[in-house]
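For reference, the structure discussed in these notes is given below.
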Amino acid sequence: MGLVTSTEMFKKAYDGGYAIGAFNVNNMEIIQGITEAAGELNAPLILQVSKGARNYANHTYLLKLVEAAVEENPNIPICLHLDHGDTFELCKDCIDGGFTSVMIDASSKSFEDNIALTKQVVEYAHDKGVVVEAELGTLAGVEDEVKVAAGDASYTKPEEVEEFVEKTGCDSLAIAIGTSHGAFKFTPEQCTRDENGILVPPPLRFDVLEECIKRLPGFPIVLHGSSSVPQEFVAEVNKYGGNMPDAIGIPEDQLREAAKLAVCKINIDSDIRLAITASVRKHFAEHPEHFDPREYLKPARQAVKDMVARKMINVLGCDGKA
Ligand code: G3H
Ligand code: 13P
Ligand code: ZN
């Protein structure tokens, strides 16, 4: 099938009431774990590469690994996306370098400057058949190595979305409705506790989402910061020598609800990191004599695959939709 843009995927996802998983990739095992799950489940897929991933693994290595995954999984459409591009030059590099989709994240700029930079990227990208995701509103957590404190996060203003989309020509829009990057999305003070004492995060702002949908009918919405931070991974990390107290994510039932609405792309990175770290920590605790990386990376890759498969079936609803 070759690499594709997300246009067709989003159209089907919007009409079908499900979302495409956009998973961050940094190395071969992560790419294999995700694409094996998608291939077996017949699920359309977005693999996304951040600036940090490019710095870590190198553009060409990641591109070639993704191309290998495409060849190994001819039954599913795969889109290769730049996550959180922060400059025109970075977006251009990825557009010229084989990506089929880029995000220009100018959400920290003024409304006018966000429009101007996004428009510049859209014009260049569309000319080359590449699609563009933009962002309005600011998520808490870490974006492009910049830590945004919870207090500095701001929800997307629905009254701005029509003008933004019309003036920029972007193909999808990431909005801020209370999700957050990383594995510590909320402080215990921001949460309540259920009858078992488990932290319950503040609910997503579905009112903001619905207001955006009303103003942009048929337009694909993106949610960043959407790892659910499965507590079984956190418990395993902590059991085997890790230290991640109060790690907490977005409840999966809320993501499922969003996927039924106009949310067509749901970004997941931290859950991959957690699946790998939990697996590797357990492996070393149980096999202190092992030193062949294949011995601990094989179960780690399987843990990524199992997590992604669960997510596709239970949260995204994209299984069987290729
Ligand atoms: O949104 C950020 C993604 O989780 C990528 O993180 O910049 O550390 O690769 P990174
Ligand atoms: P998480 O940190 O919740 O996995 O979010 C990832 C993300 O939004 C990548 O752009
Ligand atoms: Zn993000």
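Whatever order the structure lists them in is the order used to number ligands and atoms, beginning at 1.
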Can you say whether the rings of [X] and [Y] are parallel (under 30°), tilted (30 to 60°) or perpendicular (over 60°)?
{"X": "Phe164", "Y": "Phe111", "value": "tilted"}
{"X": "His224", "Y": "His181", "value": "perpendicular"}
{"X": "His287", "Y": "His290", "value": "parallel"}

Taking all atoms of both residues into account, what is the closest heavy-atom pair of Gly98 and Leu3, and its distance?
O-CD1, 3.8 Å
Tightest non-hydrogen contact, residues Cys318 and Ala19, listed as CB-O, 3.3 Å
Could you tell me if the ring centre of Tyr296 sits under 6.0 Å from that of Phe284?
yes
Determine whether the side chain, the backbone, both or neither of [X] has a heavy atom under 4.0 Å from any heavy atom of ligand 1.
{"X": "Lys51", "answer": "neither"}
{"X": "Arg273", "answer": "side chain"}
{"X": "Asn26", "answer": "neither"}
{"X": "Asn267", "answer": "neither"}

Using a strict cut-off of 4.0 Å, indicate which atoms of ligand 1 neighbour a heavy atom of [X].
{"X": "Asp83", "result": "1 (O), 3 (C)"}
{"X": "Asn24", "result": "3 (C), 5 (C)"}
{"X": "Asp269", "result": "3 (C), 4 (O), 5 (C), 6 (O)"}
{"X": "His181", "result": "1 (O), 2 (C)"}

Summary of side-chain hydrogen bond (donor to acceptor under 3.5 Å, both in side chains) pairs that have at least one residue in residues 206-219, sequence neighbours excluded:
Arg205-Asp207, Glu211-Arg215
Which atom, counting only N, O or S, brings His224 closest to the Zn ion (ligand 3)?
ND1
Closest to the Zn ion (ligand 3), among the N/O/S atoms of His181, is atom NE2
Using the rule that Ile, Leu, Val, Met, Phe, Trp and Tyr join whenever any side-chain heavy atoms are under 4.5 Å apart, tell me whether [X] and [Y] fall into a single cluster.
{"X": "Phe206", "Y": "Leu223", "result": "yes"}
{"X": "Ile268", "Y": "Val222", "result": "no"}
{"X": "Val131", "Y": "Val161", "result": "no"}

Contact table, ligand 2 N/O with protein N/O, distance under 3.5 Å:
from     : atom 1 : to     : atom 2 : distance (Å)
ligand 2 : 2 (O)  : Gly182 : N      : 2.8
ligand 2 : 2 (O)  : Ser270 : OG     : 2.7
ligand 2 : 3 (O)  : Lys185 : NZ     : 2.5
ligand 2 : 3 (O)  : Ser226 : N      : 3.1
ligand 2 : 3 (O)  : Ser227 : N      : 2.9
ligand 2 : 4 (O)  : Ser227 : OG     : 2.6
ligand 2 : 4 (O)  : Asp269 : N      : 2.6
ligand 2 : 4 (O)  : Ser270 : N      : 2.7
ligand 2 : 5 (O)  : Gly225 : N      : 3.3
ligand 2 : 8 (O)  : His181 : NE2    : 3.0
ligand 2 : 8 (O)  : His224 : ND1    : 3.4
ligand 2 : 8 (O)  : Gly225 : N      : 2.7
ligand 2 : 10 (O) : Asp83  : OD1    : 2.9
ligand 2 : 10 (O) : Asp83  : OD2    : 2.7
ligand 2 : 10 (O) : His84  : NE2    : 3.2
ligand 2 : 10 (O) : His224 : ND1    : 3.1
ligand 2 : 10 (O) : Asn267 : ND2    : 3.1

Can you tell me if Glu123 uses its side chain to pair, donor with acceptor, with the backbone of Gln120 under 3.5 Å?
no
